[in-house]
Protein chains: 2
Amino acid sequence: MENFQSFLAANFEFNPEETQQILNCFEKKTLKKGAYFLTEGQYCKTVAFVEKGGFFFYQLMDGEEKVCDFAFEGDWISQYKSLINNLPSELSIKALVDSEIYWLDATAMDKLSDKVPKVLIIRTKLAEQYFTQSAERADKLATLKAEERYQWLLDSHPKIHQRVPQYYIASYLGIKPQSLSRIRAVK
Amino acid sequence: MENFQSFLAANFEFNPEETQQILNCFEKKTLKKGAYFLTEGQYCKTVAFVEKGGFFFYQLMDGEEKVCDFAFEGDWISQYKSLINNLPSELSIKALVDSEIYWLDATAMDKLSDKVPKVLIIRTKLAEQYFTQSAERADKLATLKAEERYQWLLDSHPKIHQRVPQYYIASYLGIKPQSLSRIRAVK
DNA sequence: TTCGTTTGTTCACATTTGTGAATGGATGCA
DNA sequence: TGCATCCATTCACAAATGTGAACAAACGAA
């Protein structure tokens with residue numbers, strides 16, 4: 001749990017006692033490659049910190065998995081809209097590789113935040129992470145051509161090819177797998 | 001202020017006294033067409049409700065105004081990242097037409113939320129609005145072709161052409177003005 | 001009003017991306 | 001081991017979008 005502890009230490013000023021209370025509320029879970037953290041239609045009731053491994057977020061459209069996000073070590077996973085508004089999720093979240101998370105369900109979070117009000121900042125962090133990421137993706141999709149978007153993704157996630165099948169990368173970039181192959185061949 | 005009052009009534013359960021306290025903290029402001037609510041580099045310190053008129057959000061890149069969002073009656077305007085993290089804004093927010101807003105600065109919001117804690121939900125609403133919009137725009141940019149994105153925009157904002165110059169619409173859709181003209185000609 | 005500026009349209013041609021099919025490698029399972 | 005499936009690559013051709021230019025229409029300021 002080194003990643004999770006150092007995340008807490010780096011981002012918040014919790015004292016040792018608070019840190020212990022927080023850690024006690026989270027539960028460790030391992031998910032095999034291909035296992036779901038959440039499936040379309042489910043009500044998302046939890047928030048989780050990715051300790052190890054990776055996940056992708058997708059929606060099934062016309063039989064295709066349209067990828068809209070990835071999350072790796074140090075990221076949070078959850079479906080914000082479903083969690084906050086108590087709605088069925090429009091997305092599925094699936095493990096790309098064998099993964100390890102620390103998760104917290106919504107009622108535990110409510111109890112925890114009575115004891116340690118500062119933990120509400122975790123929810124804020126989550127919202128900010130998602131908002132920032134989706135705004136940036138929209139910006140790149142609107143202003144860059146496919147090759148430049150691919151370069152941007154490589155710059156921000158240099159190891160993406162070791163962890164994500166290429167046709168998921170293409171989907172995230174808004175292009176077809178053949179187009180991504182072509183782009184890679186030219187470089 | 002009908003829009004603002006009915007927004008409060010429709011979304012929250014404030015009693016008349018709370019409603020009055022809230023209204024007292026907001027200030028009315030009118031902005032002429034072309035006036036800025038916020039400019040790139042400024043620190044955003046306020047949140048505002050659009051009572052009348054409209055705004056667009058853009059970033060200057062290579063001398064071009066890249067439009068990433070619109071806001072009309074009933075929407076909130078603010079630069080979330082700048083407001084929450086106390087950072088200089090990466091975006092400018094400019095009035096498309098003569099507009100009327102009710103605005104609240106961050107310190108007034110802090111005071112107000114001591115008296116009426118429920119107003120914090122306004123900040124949450126703001127985050128949700130932005131997150132939902134940018135996620136949806138990214139999704140459409142990645143999965144639809146330009147003509148379909150244009151149709152989607154028309155469906156969600158039927159009056160957009162009465163209020164927004166066409167080359168801003170093109171920019172928002174991630175295409176060139178000429179391409180939007182072509183798309184419109186075909187239909 | 002008149003003139004200059006801004007915005008929208010059209011065109012021909014270039015570039016980018018999609019499409020469907022064929023191929024070969026890798027992977028996993030019987 | 002052999003076979004089937006999945007994934008990445010390549011190709012030729014089609015479709016979508018960009019580019020630069022010319023022009024027209026709308027708008028605003030004097």
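Residue numbers start from 1 in every chain, and the chains themselves are labelled A, B, ... in the order their sequence lines are given, proteins ahead of strands. Here the structure is a predicted model, which is why all the values come from computation and not from measurement. Note that these values count all heavy atoms, side chains included, but never hydrogens, waters or copies made by symmetry.
- In this structure, NE2 of His161(A) is placed 13 Å from C1' of dC7(D), rounded to the nearest angstrom.
- Rounded to whole Å, the distance from CG on Leu141(B) to C1' on dT17(C) is 15 Å.
- Phosphate proximity of dT17(C) to Ser179(A): absent, as no side-chain N or O sits under 4.0 Å from OP1 or OP2.
- At whole-Å resolution of the value, NZ in Lys33(B) and C1' in dT6(C) are 10 Å apart.
- Between Arg184(B) and dT9(C), a side-chain N or O to OP1/OP2 separation shorter than 4.0 Å is present.
- Straight-line distance from the CD atom of Gln166(A) to the P atom of dT10(D): 10 Å, rounded to whole Å.
- Mapped onto DNA chain D by nearest heavy atom, Tyr167(A) and Gln178(B) fall at different nucleotides, with Tyr167(A) at the one closer to the 5' end.
- With rounding to whole Å, Asp98(B) atom CG is found 11 Å from dG28(D) atom P.
- Here the CD-CG distance, from Gln129(B) to Asp69(B), works out to 7.5 Å after rounding to the nearest 0.5 Å.
- With respect to the salt-bridge test (charged N to carboxylate O, under 4.0 angstrom), the residues Glu73(B) and Arg163(B) qualify.
- Contact of Arg182(A) with dG18(C) (side chain to base): a donor-acceptor pair of N or O atoms is detected under 3.5 Å.
- Position along DNA chain D of the nearest nucleotide to Ile175(B) versus Leu180(A) favours Leu180(A) as the more 5'-ward residue.
- Note on residues 21-45 of chain B: pairs passing ring pair (Phe, Tyr, Trp, His ring centres under 6.0 Å), not counting sequence neighbours, are Phe4(B)-Phe26(B).
- Below 30°, between 30° and 60°, or above 60°: for Phe49(B) and Phe7(B) the angle between ring planes is between 30° and 60°, a tilted geometry.
- In this structure, Glu64(A) places its CD atom 12 Å from C1' of dG18(C), rounding to the nearest Å.
- Glu147(B) has its CD atom 16 Å from the P atom of dG18(C), to the nearest Å.
- Between Lys145(B) and dT17(D) there is no side-chain N or O to OP1 or OP2 distance below 4.0 Å.
- Gln162(A) places its CD atom 16 Å from the C1' atom of dA8(D), with the value rounded to the nearest Å.
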Would Tyr102(A) and Glu27(A) count as a side-chain hydrogen bond (donor to acceptor under 3.5 Å, both in side chains) here? Give the steps.
CA-CA 5 Å; Tyr102(A) 288 97; Glu27(A) 292 187 43; over 6 Å; no
